Amino acid sequence: MKSRWQLNWRLLSMVMALALVLTGCGRENLSALVPKGPVAEQQLFLMVLTSAIMIGVFLIVMIIFAYVLIRYRQRPGQTGIPKQVEGNHKLEILWTVIPFLLLIVMAVPTVAIAFDLAKEYNNKEAVQVNVTAHQFWWEFEYPDLGVRTAQELVIPAGKKVQFHVTSADVIHAFWIPALGGKIDTNPGLTNKIWLEAKEPGTYYGKCAELCGASHALMDFKVQALEASAFDDWAKKMKAATEAPAATATGTAAQGREIFQKSCIGCHAIGSEGGKLGPNLTNFGERKLVAGIKPNDAQHLAEWLKNPQEVKPGNTMPNLNLQDDQVSALVEYLHSLKVTQ
Amino acid sequence: MSDHTSHAPNRSGLWDWLTTVDHKKIGILYLIAGGFFFILGGVEAMLIRLQLIYPEAKFVAAGTFNELITMHGTTMIFLAVMPVIFGLMNAIVPLQIGARDVAFPFVNALGFWLAALGGLLLNTSWFLGGAPDVGWTAYATLSSNHKFSTLGTDFYVLGLQIAGLGTLIGGINFLVTIINMRAPGMTFMRMPLFTWSSFVTSALILFAFPALTVGLVFLMFDRIFGANFFNPDAGGNIVIWEHIFWIFGHPEVYILILPAFGIISEVVSTFSKKRLFGYSSMVFATILIGFLGFMVWAHHMFTTGLGPIANTLFGIATMLIAVPTGIKIFNWLLTLWGGHIRFTTANLFAVGFIPTFTIGGMTGVMLAVPPADYQYHDSYFVVAHFHYVIVGGLVFGLFAGLYYWWPKMFGKLLNETLGKWHFWTFFIGFHLTFFPQHFLGLMGMPRRVFTYLPGQNLEMGNLISSIGVIGMALGSIIFAINMVVAAKSKKAAGNDPWDARTLEWAIPSPAPEYNFAQTPLVRGLDALWTEKMAGNKGMTPAEPLGSIHMPSPSFLPFLMSLGLFVAGYGFIYAGQWGTYIVAIAGIAFTLLCMLLRSLYDDHGYHIEPDEIEEKGVKA
């Protein structure tokens with residue numbers, strides 16, 4: 001029975017989603033209205049169900065409302081006093097009982113889905129990812145795979161991912177609208193949430209809880225890969241973590257020197273370096289600088305020259321780098337590739 | 001009774017306003033303070049929408065934007081709508097129950113000055129190193145640790161602590177007033193709905209504000225004295241703040257909306273010339289909403305990670321509130337049904353309230369579904385929802401109340417033509433601003449973001465939303481002009497300009513300082529209407545004309561509040577040289593004023609019958 005029910009709501013939500021895309025309601029892979037995974041689909045089903053009931057109630061109220069306002073407005077010259085009505089027990093019982101019934105219609109799937117979404121999957125059933133939110137970036141650790149990365153979450157498509165989320169400083173919230181709803185990252189506590197992307201693709205993630213000056217800029221990306229591509233990525237990341245490429249040539253070698261001197265206190269490449277800032281092992285393959293700007297030479301240079309200008313209030317200091325130092329660092333950072 | 005008979009103190013101008021204990025004047029003071037803070041909060045809102053008018057706009061810096069959203073929320077809730085609600089309660093509730101003043105006139109003045117000076121303290125942060133920037137909810141650890149937030153948050157803690165004290169005092173005063181000061185025959189089940197909702201609101205204040213007080217004390221200790229209530233590194237727990245804040249914060253929503261329900265009930269009934277449909281079920285629904293309001297706080301915390309059992313229990317409890325709220329909506333519609341509806345400005349706002357608030361209530365039920373809320377939470381959908389409830393519900397209700405009772409408070413009617421312009425610009429502007437925000441939220445726009453990136457399909461909704469603000473601003477300006485026009489108008493409103501039903505319309509406008517020359521005898525629901533239907537010109541007196549005992553004005557409430565205001569700065573700058581001396585001196589000054597109040601017997605004064613008749617009041 002459950003499968004037919006699921007099929008029905010999947011169909012319903014697909015139709016809804018199509019209609020919304022056609023009417024321009026949101027960017028694909030960002031909007032909660034265009035679900036890309038089972039969690040977001042179930043949530044959209046509840047949204048559609050409750051909106052439908054509520055719009056029905058609203059229409060009834062509005063029909064009575066319009067009728068009353070037109071029919072009973074005072075006409076010119078109208079005198080006398082309208083009949084003073086005390087109340088009507090039948091009517092009052094009617095509009096107490098019907099809302100109760102509607103609430104039950106909403107409450108039953110609500111409870112079912114709430115408990116389904118709260119399930120926890122172990123490492124046999126799902127990829128485990130530890131998420132730590134920082135002001136204003138995201139750290140992703142795959143404890144079973146020996147991989148640590150930042151800003152770009154990589155997951156296998158068609159497989160459940162179990163997240164364990166916490167924060168290193170203040171409350172943030174971990175939100176990938178197209179894949180499912182959000183969960184707070186509480187400092188000192190760990191929350192759990194599972195998500196799944198049905199198709200490979202790039203999805204957009206956001207911080208949803210006010211966390212300081214650059215709360216608005218605390219975006220991240222989610223890459224869903226085919227299962228085999230994901231395994232390959234994980235293997236290469238693990239190798240790069242254990243033995244980061246120690247050689248660099250030309251300007252990149254200069255950049256490496258600067259990095260070893262000025263940056264490594266906070267940023268790690270592989271397992272070497274500090275953990276205060278994002279891990280940069282595969283930085284050359286990331287699509288964004290600081291989670292918001294395209295990862296090209298120009299934007300990376302702007303970021304290195306003045307991080308506070310790009311992301312106010314973040315913890316990266318201005319190192320007062322010279323132009324040639326910046327271009328050397330850019331060269332080096334862009335050479336940090338793992339899968340090629 | 002005292003045997004000291006003195007004469008009415010002769011005070012005027014500023015001195016009169018600083019020392020008054022007359023509930024009608026305190027009501028006006030509340031309106032002035034609320035109006036002032038409404039302008040501040042409105043300007044903040046306009047700057048917010050200006051910054052969000054297109055992607056990556058640079059009108060306001062990231063940090064300043066967070067100050068603006070924090071102060072907009074805090075100001076509007078604590079310092080704008082609460083004072084206006086208290087203003088109307090002060091001006092009207094004693095008149096509706098046939099009382100000569102509130103139970104504790106001195107304390108009433110104290111409540112006002114605490115609220116006003118607390119608000120002022122909070123707002124001085126703009127000039128003293130920056131306003132709070134942690135959101136009006138001030139979640140720890142962002143708010144509890146100096147590493148993450150500026151001195152502004154200390155202004156938030158101390159300012160709200162002082163203002164909250166004033167609100168709590170005011171709430172207690174109205175509870176006692178409504179229980180003890182009703183005229184003969186004014187049974188509970190004959191009280192007008194506005195008085196009923198003020199009563200329930202006051203009860204909610206009594207139970208909800210102490211939670212805020214406790215939370216603010218914790219936060220103050222963490223920030224100022226290095227305590228660790230919310231410090232996870234030292235065994236503290238940040239979720240405790242969320243619980244405490246919302247145990248206060250959710251009832252606060254009903255503290256705000258219930259008086260609006262009361263106003264709508266009065267206005268709809270008067271302007272359809274019908275008694276309120278289902279009066280007893282309205283009273284029952286008001287009490288039930290107040291009660292359930294305390295059972296649902298965790299629906300603000302569905303994404304905190306409380307687990308599916310807590311989430312669904314709080315979700316279903318929240319859905320239940322839709323039932324009594326639905327009862328109210330249908331009762332209003334059925335009150336209008338069969339009536340002779342007059343579309344005065346007051347009634348336009350009341351009628352405009354119905355669809356707008358219904359939308360806010362509907363999104364409220366949608367938000368009560370925890371799994372769906374994981375998507376809505378902290379997105380613009382929530383911003384749209386609570387503005388539909390608080391602006392579309394409460395502010396529309398307050399405008400209805402102001403147009404309705406303005407003649408009773410000031411003796412002049414507000415201009416109806418300007419009023420209609422006010423309604424339509426504000427109504428259209430409101431929906432333009434907030435309706436698109438539902439979709440922005442679902443399309444992935446989190447709330448409290450100072451900007452958004454281009455190419456995310458968020459441009460159109462934000463642009464429309466920002467344009468809508470013009471309508472709301474225009475409406476507010478027209479309302480300000482209307483107040484001036486009304487003040488200059490020479491036409492007196494008369495006792496009962498609306499052919500209304502309740503007791504306040506039986507006495508002159510504005511009411512004399514003693515309200516009722518003779519305490520009236522109440523003979524039914526809608527006391528004045530009952531007399532009208534019996535063919536009487538006015539109320540039947542319940543006592544012979546006699547000398548009326550009045551409370552003396554006093555400067556002490558202002559001074560007591562001033563002491564705490566000064567002490568606030570001592571705590572905010574704690575740790576710097578001499579600041580504890582300021583804190584202690586301020587508190588000592590307040591205690592000294594309290595001592596003075598206790599030791600010095602002031603028995604008030606009497607107004608004699610001949611004075612009453614001289615003033616031309618018919619007995």
Side-chain angles (χ1 to χ4, degrees), chain A residues 25-27 30-33 42-43 46-47 50-51 54 58 61-62 64-65 68 72-74 78 81-85 87 92 95-96 99-100 103 106-107 110-111 113-115 117-118 170-171 173 177 181-184 186-188 191 206 208-216 292 312-313, chain B residues 62-63 66 135 139 141-142 148 232 238-239 273-275 277-278 281 303-305 307-308 311-312 315-316 319 322-323 326-327 329-330 333 336-343 351 354-355 358 362 365-366 369-372 374-375 377-379 439 442-444 446 448-451 453 456-457:
Chain A
C25 266
R27 173 172 170 180
L30 169 64
S31 174
L33 298 172
Q42 295 194 70
Q43 288 164 338
L46 283 177
M47 290 182 196
T50 50
S51 332
M54 286 298 135
F58 183 69
V61 170
M62 282 305 100
I64 304 173
F65 181 75
V68 164
Y72 296 110
R73 68 184 200 285
Q74 192 173 41
Q78 192 176 26
I81 291 158
K83 192 174 165 226
Q84 304 290 308
V85 187
E92 287 173 53
W95 64 56
T96 310
F100 257 116
L103 290 187
M106 287 188 274
T110 295
V111 174
I113 292 176
F115 277 83
L117 298 188
V170 303
I171 304 176
K182 61 191 76 65
I183 187 88
D184 290 357
N186 298 325
N191 275 329
K206 299 212 171 245
E209 182 64 62
L210 179 67
C211 57
S214 281
H215 161 56
I292 42 170
Chain B
N66 288 352
Y139 275 15
T141 51
L142 190 63
F148 305 124
I238 51 135
V239 178
K273 278 200 187 175
K274 279 182 65 200
R275 65 173 278 165
F277 188 92
S281 69
T303 66
T304 300
N311 279 358
T312 47
I316 291 168
M319 290 179 194
V323 177
I327 290 175
I329 299 275
F330 285 112
L333 289 177
L336 291 164
W337 189 292
H340 299 169
I341 305 169
R342 285 173 290 164
F343 289 103
V351 162
I354 293 175
T358 306
M362 286 166 21
V365 174
M366 291 167 67
V369 174
Y374 301 159
Q375 289 284 21
H377 186 86
D378 266 337
S379 77
F439 299 99
L442 298 176
M443 283 151 63
R448 293 165 165 175
V449 288
F450 78 88
T451 193
L453 301 176
Q456 301 191 339
N457 273 19

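Below, chains carry the letters A, B, ... as their sequence lines are ordered, and counting in each starts from 1. Just so we're clear, the structure is a prediction, and the values are computed from it rather than from any experiment.
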I need the [X] [atom1] to [Y] [atom2] distance, nearest 0.5 Å.
X        : Y        : atom1 : atom2 : answer
A:Leu33  : B:Phe439 : CG    : CZ    : 8.5 Å
A:Glu209 : B:Asp378 : CD    : CG    : 4.0 Å
A:Ser51  : B:Met362 : OG    : CE    : 8.0 Å
A:Met106 : B:Ile316 : CE    : CD1   : 10.5 Å
A:His215 : B:Phe450 : NE2   : CZ    : 10.5 Å

Identify the heavy atoms of [X] and [Y] that sit nearest to each other, and give their distance.
X        : Y        : answer
B:Ile238 : A:Pro187 : CD1-CD, 3.7 Å
A:Leu30  : B:Met443 : CG-O, 3.5 Å
B:Gln375 : A:Pro177 : NE2-O, 2.9 Å
B:Pro308 : A:Ala114 : CB-O, 3.9 Å
A:Phe58  : B:Thr358 : CD1-CG2, 3.9 Å
B:Pro370 : A:Thr110 : CD-CG2, 3.4 Å

Portion of [X] that has a non-hydrogen atom of chain A nearer than 4.5 angstrom:
X        : value
B:Asn311 : neither
B:Leu453 : side chain
B:Leu442 : both
B:Ile327 : both
B:Thr141 : both
B:Val365 : side chain

Mind checking whether B:Trp337 and A:Tyr72 have parallel, tilted or perpendicular rings, split at 30° and 60°?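 Aromatic pair B:Trp337/A:Tyr72 classed tilted.
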
Region of [X] that comes under 4.5 Å of a non-hydrogen atom in chain B:
X        : answer
A:Lys83  : backbone
A:Met47  : both
A:Ala173 : neither

Taking [Y]'s backbone N and O only, do any of them form a donor-acceptor pair with [X]'s side chain (distance below 3.5 Å, no angle check)?
X        : Y        : value
A:Asp184 : B:Gly305 : no
B:Lys273 : A:Pro82  : no
B:Lys274 : A:Gln84  : no

Just give me the residue among [options] that pairs up with chain A most often, heavy atom to heavy atom, under 4.5 Å.
options                                : result
B:Pro232, B:Pro371, B:Pro446           : B:Pro371
B:Gly135, B:Gly338, B:Gly315, B:Ser379 : B:Gly338
B:Leu142, B:Leu336, B:Val323, B:Val449 : B:Leu142

So [Y] and [X], do their side chains get closer than 4.5 Å, heavy atoms only?
X        : Y        : value
B:Pro355 : A:Val61  : no
B:Thr304 : A:Ile171 : no
B:Tyr139 : A:Val170 : no

Among [options], residue most engaged with chain B (heavy-atom pairs, under 4.5 Å):
options                      : answer
A:Ile292, A:Leu46, A:Leu117  : A:Leu46
A:Ala213, A:Ala118, A:Ser214 : A:Ala213
A:Thr96, A:Val85, A:Thr50    : A:Val85

Determine, stepwise, if the pair A:Asn191 / B:Thr303 fulfils side-chain contact (heavy atoms from CB on, under 4.5 Å). CA-CA 9 Å; A:Asn191 275 329; B:Thr303 66; over 6 Å; no

CA sep, side-chain torsions, deciding dist, call: A:Phe65, B:Leu333, side-chain contact (heavy atoms from CB on, under 4.5 Å): CA-CA 6 Å; A:Phe65 181 75; B:Leu333 289 177; 3.8 Å; yes

Intermediate values then yes/no, side-chain contact (heavy atoms from CB on, under 4.5 Å), B:Ile329 and A:Trp95: CA-CA 10 Å; B:Ile329 299 275; A:Trp95 64 56; over 6 Å; no

